[in-house]
Number of protein chains: 2
Amino acid sequence: MTRVLIVDDEPQLLRALRINLAARHYEVTLADDGGSALRQAAQFHPDVVVLDLGLPDIDGVEVVHGLRGWTSVPIIVLSGRAGSQDKIDALDAGADDYVTKPFDIEELLARIRAVTRRASPHETQPAQFRIGERTVDLAAKTVSGDVRLTPTEWRLLELLLRNPGRLISQRQMLAEVWGAGYAKETHYLRQYMAQLRRKLEPDPARPAHLITEPGMGYRFTP
Amino acid sequence: MTRVLIVDDEPQLLRALRINLAARHYEVTLADDGGSALRQAAQFHPDVVVLDLGLPDIDGVEVVHGLRGWTSVPIIVLSGRAGSQDKIDALDAGADDYVTKPFDIEELLARIRAVTRRASPHETQPAQFRIGERTVDLAAKTVSGDVRLTPTEWRLLELLLRNPGRLISQRQMLAEVWGAGYAKETHYLRQYMAQLRRKLEPDPARPAHLITEPGMGYRFTP
DNA sequence: CCGCATCTTGACGCTTTCTCTACGCCGCCG
DNA sequence: CGGCGGCGTAGAGAAAGCGTCAAGATGCGG
């Protein structure tokens with residue numbers, strides 16, 4: 001299910017979008033200013049952000065910058081301003097599309113489909129991995145042998161499994177799982193990596209697949 | 001260099017776009033109908049396609065379908081038709097963006113930047129190097145043959161490998177790896193270069209790729 | 001309101017990595 | 001021939017990073 005974060009300060013627009021998106025089986029979260037938008041994005045991990053430029057607290061372009069600091073989630077900007085320079089600024093800040101108000105809701109939906117289509121070839125990737133005796137299915141969110149993982153554990157494991165053999169820096173793990181601003185909290189990583197190894201590795205004390213690279217990060221070795 | 005295929009049947013628009021794009025160091029190819037657009041795309045392998053919907057031979061949406069049959073190159077559709085349904089059809093056919101004529105050339109350029117930015121992490125510089133028997137992958141942070149490097153070793157090696165054949169001064173190495181203020185600590189370099197050679201060179205005593213230039217610095221020779 | 005699962009936070013011993021000192025080798029020059 | 005500077009090697013102590021246990025918050029559903 002595609003997760004959408006909508007950021008706008010007009011309640012009626014929020015409402016209209018939420019209803020339309022929910023009817024099409026999107027999972028929707030709302031925010032009505034820039035600060036809560038950044039917090040929601042870190043917590044909710046949307047697959048696409050619909051962002052109004054005219055927010056009460058922060059300039060919309062700054063919100064784009066804030067998001068781009070740690071995520072490449074597609075961003076569709078809404079704005080009442082039709083000037084070219086506004087569009088150029090937003091797009092160059094990292095937005096993927098720019099829609100001028102008033103807009104047709106069907107057009108916005110088509111643009112959401114367009115950006116998510118491109119950003120999510122996830123669905124074609126293999127979703128099953130073996131770790132020792134266990135089999136992890138990222139799509140079904142299941143682990144063989146009656147093992148259960150918490151949401152945070154899943155996010156962490158998914159990040160590692162989607163990059164087999166590749167080193168993932170501590171910085172990136174903290175940013176993608178906990179959100180920007182957690183770059184220093186490395187003890188979270190130790191905590192949760194230990195948890196994952198206890199649940200998945202045959203010998204948690206001597207991990208064979210969830211490898212530590214001291215001072216750098218972690219790596220999943222198939 | 002980014003390669004752009006422009007498809008339109010108005011010669012003056014083709015001309016204007018070609019000039020603007022060439023001035024920004026894009027490599028441009030032109031087509032004035034759907035058939036030649038598909039042929040050009042197959043031959044030229046553009047990084048982005050700018051496609052007018054109103055073509056003399058084939059409907060633009062059909063061109064989108066034709067392209068999507070074998071390539072995921074970003075497509076920006078131009079059109080005089082401002083109706084929502086036209087946009088939806090084009091976007092759902094596989095287009096990435098839809099711009100209504102008349103449009104500002106700077107805005108189109110920003111949209112080209114936006115779609116190519118997203119689609120082109122595959123155009124990154126090669127991250128694999130051979131040193132004797134070993135293969136070093138800077139992106140995955142791996143070395144063939146079960147060799148592991150420490151963070152400092154990686155920083156040093158990366159600096160050398162990203163400048164193949166070029167001499168790197170001791171001063172620059174110390175500044176980039178250890179920070180300003182370490183310009184005199186040349187024994188660090190000796191220490192870590194020895195470590196790298198021991199781990200990477202076939203005969204560490206007689207280095208073939210990580211070369212010392214006495215009194216100057218070091219050099220990576222492929 | 002309570003209990004449970006999950007997320008945070010703190011403390012401690014252990015391992016890896018970094019930093020620094022010592023010493024031998026070699027070519028250069030007086 | 002002997003001192004000197006730059007380089008390579010080895011090793012020890014200091015510092016940083018890691019794994020683990022355990023206990024305090026927090027949030028959610030009953």
Side-chain angles (χ1 to χ4, degrees), chain A residues 29 39-40 42-45 141 143 146-157 160 167-174 176-179 181-219, chain B residues 141 143 146-158 160 167-171 173-179 181-219:
Chain A
T29 304
R39 279 194 302 279
Q40 292 276 22
Q43 200 177 347
F44 177 66
H45 286 268
K141 291 275 185 292
V143 181
D146 201 35
V147 174
R148 285 170 24 84
L149 302 183
T150 72
T152 307
E153 286 164 6
W154 273 116
R155 285 217 290 272
L156 197 56
L157 184 62
L160 289 166
L167 176 88
I168 312 293
S169 72
Q170 304 178 345
R171 199 182 184 71
Q172 185 183 353
M173 295 171 82
L174 288 163
E176 295 210 14
V177 175
W178 281 270
Y182 285 74
K184 302 266 178 180
E185 315 288 336
T186 57
H187 57 283
Y188 284 14
L189 293 180
R190 297 204 293 279
Q191 181 66 35
Y192 278 90
M193 288 305 296
Q195 200 86 5
L196 284 176
R197 297 207 259 238
R198 260 197 298 278
K199 292 184 177 181
L200 301 174
E201 287 273 5
D203 181 1
R206 225 164 278 106
H209 302 92
L210 303 174
I211 309 295
T212 303
E213 299 282 352
M216 311 196 57
Y218 293 85
R219 179 199 310 277
Chain B
K141 293 277 187 293
V143 181
D146 202 36
V147 174
R148 292 185 48 247
L149 303 183
T150 71
T152 308
E153 286 163 6
W154 274 115
R155 284 210 294 274
L156 197 56
L157 183 62
E158 189 155 358
L160 290 166
L167 173 80
I168 313 291
S169 72
Q170 301 180 343
R171 188 174 207 77
M173 295 171 82
L174 287 163
E176 293 211 15
V177 175
W178 280 269
Y182 284 74
K184 302 271 179 180
E185 316 288 337
T186 57
H187 57 284
Y188 286 9
L189 292 180
R190 295 204 292 280
Q191 179 70 31
Y192 278 92
M193 288 304 297
Q195 200 84 5
L196 284 176
R197 297 207 258 240
R198 224 169 304 155
K199 292 184 177 181
L200 300 175
E201 288 274 7
D203 181 0
R206 224 163 281 108
H209 302 92
L210 303 173
I211 310 295
T212 303
E213 301 282 354
M216 316 262 304
Y218 293 84
R219 179 199 310 276

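So you know, we letter chains A, B, ... as the sequences are listed, proteins then strands, and number each from 1. Remember, it's a predicted structure, so these values are computed and weren't measured experimentally. When reading the values below, keep in mind they use all heavy atoms of this one structure, side chains included, and skip hydrogens, waters and symmetry mates.
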- Should we say atom CZ of Phe44(A) is surrounded by more than 12 heavy atoms from elsewhere, each under 6.0 Å from it?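 Atom CZ in Phe44(A) is packed in, count exceeds 12.
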Starting at [atom1] of [X] and ending at [atom2] of [N], how long is that distance when rounded to a whole Å?
X	N	atom1	atom2	answer
Leu156(A)	dT6(C)	CG	P	15 Å
Glu185(A)	dC7(C)	CD	P	16 Å
His187(A)	dG17(D)	NE2	C1'	14 Å
Arg171(B)	dG6(D)	CZ	P	14 Å

- Item | Closest nucleotide among dA5(C), dC7(C), dT19(C) to the Arg148(A) side chain |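 Looking only at heavy atoms from C-beta outward on Arg148(A), the closest nucleotide is dA5(C).
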Between [atom1] of [X] and [atom2] of [Y], what distance do you get to the nearest 0.5 Å?
X	Y	atom1	atom2	result
Tyr182(B)	Glu176(B)	OH	CD	15.5 Å
Met173(A)	Leu156(A)	CE	CG	4.0 Å
Arg155(B)	Leu160(B)	CZ	CG	13.5 Å
Leu167(A)	Ile211(A)	CG	CD1	11.5 Å

- Message: Is the phosphate of dC18(C) approached by Thr150(B) (side-chain N or O, under 4.0 Å from OP1 or OP2)?
- Response: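 Yes, within the criterion.
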- N/O (side chain, Trp178(B)) to phosphate O (OP1/OP2, dC18(C)) under 4.0 Å: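 The answer is no; no side-chain N or O of Trp178(B) sits under 4.0 Å from OP1 or OP2.
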- Query: Contact class for Glu153(A) (heavy atom, under 4.0 Å): base, sugar-phosphate, or nothing?
  - Reply: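 Nothing, no heavy atom under 4.0 Å.
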- Message: For a quick check of understanding: with a heavy-atom distance under 4.0 Å over all strands, which category does Thr152(A) fall into, base, sugar-phosphate or nothing?
- Response: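 Result for Thr152(A) = sugar-phosphate.
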Could you run down the sub-3.5 Å N/O contacts of the protein with nucleotides 24-28 of chain D?
none

- Under the side chain to side chain donor-acceptor pair (under 3.5 Å) rule, collect the residues that match up with Thr150(A), sequence neighbours excluded.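 None.
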- Should Glu158(B) and Lys141(B) count as an ion pair when the cut-off is N to O under 4.0 Å?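 Salt bridge between Glu158(B) and Lys141(B), a charged N being under 4.0 Å from a carboxylate O: yes.
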- Item | Proximity to DNA chain C (any heavy atom under 4.0 Å), residues of residues 189-219 of chain B only |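 Gln191(B), Tyr192(B), in order of number.
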- Task: Examine distances only and state if a side-chain atom of Glu201(A) and a backbone atom of Leu210(A) form a donor-acceptor pair shorter than 3.5 Å.
- Result: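 Answer holds: yes.
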- Message: I want to check something: taking the side chain as every heavy atom from C-beta on, are Arg197(B) and Thr212(B) in contact at a cut-off of under 4.5 Å?
- Response: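 Yes, their side chains come closer than 4.5 Å.
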